[in-house]
Amino acid sequence: MAEHIVTVYYSTTCPHCVSTKKYLDEKGIVYTGHDVAADKEKRKEMVEKSGQMGVPVIVIDGRIIIGFDAAEIEAALGM
Amino acid sequence: MHDLIIIGAGPAGMTAAVYAARKRLDLLIIGKDVGGQTAWSPEVDNYLGYRYISGMELVEKFEDHLKSFDIKHEYRDVGQLLKTDDGFSVITSDGKEYEARAVIVASGKTPRMLGVPGEREYIGRGVAYCAVCDAPLFERLDVAVVGGGNSGLDTAGQLIRIANKVYIIEFSEALKADEVLIQRVEQAGNTEIILGAEVKEIAGEKMVSGVVLEDRGTRETRRIPVGGVFVAVGSDPSVAFISGLVALNDRNEIEVDCACRTKVPGLFAAGDVTSVPGKQIIIAAGQGAQAALSAYDYLVRNRKLG
């Protein structure tokens with residue numbers, strides 16, 4: 001199976017972010033997480049990449065997914 | 001075909017799931033927003049057994065409880081609910097179809113939109129509906145909160161400590177919230193309360209840069225420069241996917257009897273989406289349990305269980 005590069009921009013007070021991370025953990029998907037409430041550089045990066053400031057933002061192999069969307073995540077991972 | 005599909009993963013849906021799992025039903029929960037509106041609450045002090053717990057922590061406890069039952073969960077939104085010969089067909093918004101002999105609708109409520117120009121365009125780019133989720137991203141900006149009820153003032157209360165200045169915009173001539181919340185916003189040094197004002201437009205370039213208000217009395221307009229607009233003007237039952245299958249009351253809620261039954265055999269409903277007057281986490285949970293018991297009873301009496 002091909003390796004996917006998955007990044008999650010989240011904030012610790014966001015329920016959708018928790019759901020996203022739980023969902024990825026459940027499916028055994030490895031990802032790098034950035035807490036954008038704490039990390040201003042990563043927040044800027046997220047806003048630049050996604051053109052908006054809502055969390056979560058999930059980047060899978062360069063494809064930007066805004067909000068917790070299982071269907072889009074599965075499509076991006078070829079599941 | 002499943003015995004039971006539960007639509008919605010908030011307290012009603014999750015409690016229904018526990019009850020159904022304990023009855024060993026072949027069960028599926030469909031829902032993206034785990035914890036529902038509870039996850040958005042900064043603080044809950046009236047769910048029995050838990051003092052001053054955050055909504056997110058309470059939801060975590062619900063989830064831990066569910067984990068012990070190994071319940072199938074599809075993290076998707078439902079687009080359509082249809083009646084079939086053998087039961088019901090549930091179609092997700094991305095086109096996946098699931099079938100069940102019985103269904104519990106526990107889809108809760110969705111925040112109401114203002115319906116003004118710029119609102120939809122700027123969602124995620126300055127327009128937000130959930131302070132618990134998004135407040136930290138508006139650090140040191142000026143923000144506007146639209147809505148002077150409990151929800152609005154709760155939102156404003158969270159923003160007071162994070163944002164630079166918080167404008168509270170209320171349609172009527174008075175704030176309609178609990179005294180405690182009103183005092184908190186009145187006594188904060190960085191708030192401005194604007195009464196009798198209607199939001200006409202949300203404006204900006206790449207992100208929100210201002211909100212245009214009209215004074216309902218004088219008809220004067222005023223543009224306030226803000227980097228964020230939090231909309232807190234109430235919520236509506238999430239029933240779009242039901243389209244005609246079951247009767248809704250004049251508030252668009254699903255009518256249920258005291259056993260959480262609708263007029264459609266095999267279709268049950270629980271929580272904020274129903275006609276139950278009290279929209280509370282513990283009431284939703286209670287109804288979830290009742291709906292699951294009613295669904296089990298229905299399946300047994302109609303010999304639909306193997």
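Reminder, nothing fancy here: chain letters follow the sequence lines and each chain counts from 1.
Residue A:His16 holds its NE2 atom at 6.0 Å from CH2 of B:Trp40, rounded to the nearest 0.5 Å. Taking NE2 from B:His73 and OH from A:Tyr23, the interatomic distance works out to 10.5 Å, rounded to the nearest 0.5 Å. Interatomic distance, NZ of B:Lys206 versus CE of A:Met53, reported as 11.0 Å (0.5 Å rounding).
Residue with the most contacts toward chain A among B:Val59, B:Asp77, B:Val127, B:Val132: B:Val132 (heavy-atom pairs, distance under 4.5 Å). Counting heavy-atom pairs under 4.5 Å between each of A:Ala71, A:Gly54, A:Ala37 and chain B puts A:Ala71 at the top.
Heavy-atom contacts from other residues, nucleotides or ligands closer than 6.0 Å to CZ of A:Arg63 number more than 12. Residue B:Leu82 qualifies as enclosed at atom CG: its count of foreign heavy atoms under 6.0 Å is above 12. Other residues, nucleotides and ligands contribute only 12 or fewer heavy atoms inside 6.0 Å of the CZ atom of B:Arg184.
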Begin from the C-alpha positions of B:Glu139 and A:Lys40 and carry the test side chain to side chain contact (heavy atoms under 4.5 Å, CB included) through to its verdict.
CA-CA 11 Å; B:Glu139 204 183 335; A:Lys40 293 206 170 67; 4.0 Å; yes

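Contact annotation for A:Thr12: only backbone heavy atoms (N, CA, C, O) come within less than 4.5 Å of a heavy atom of chain B. If you measure heavy-atom distances from A:Ser19 to chain B, the contacts under 4.5 Å come from the side chain alone. For A:Glu26, the part lying near chain B is the side chain, with the backbone staying farther off; criterion is any non-hydrogen pair under 4.5 Å.
Shown here for B:Cys133 and A:Ser11, the closest heavy-atom pair between the two residues is O-OG, 3.6 Å. The minimum heavy-atom distance linking A:Asp69 with B:Lys32 is given by the pair CA-NZ, 4.4 Å.
Pairs engaging residues 50-69 of chain B under the salt bridge (Lys or Arg N to Asp or Glu O under 4.0 Å) rule: A:Lys22-B:Glu63, B:Asp45-B:Arg51, B:Asp64-B:Lys67 [sequence neighbours left out].
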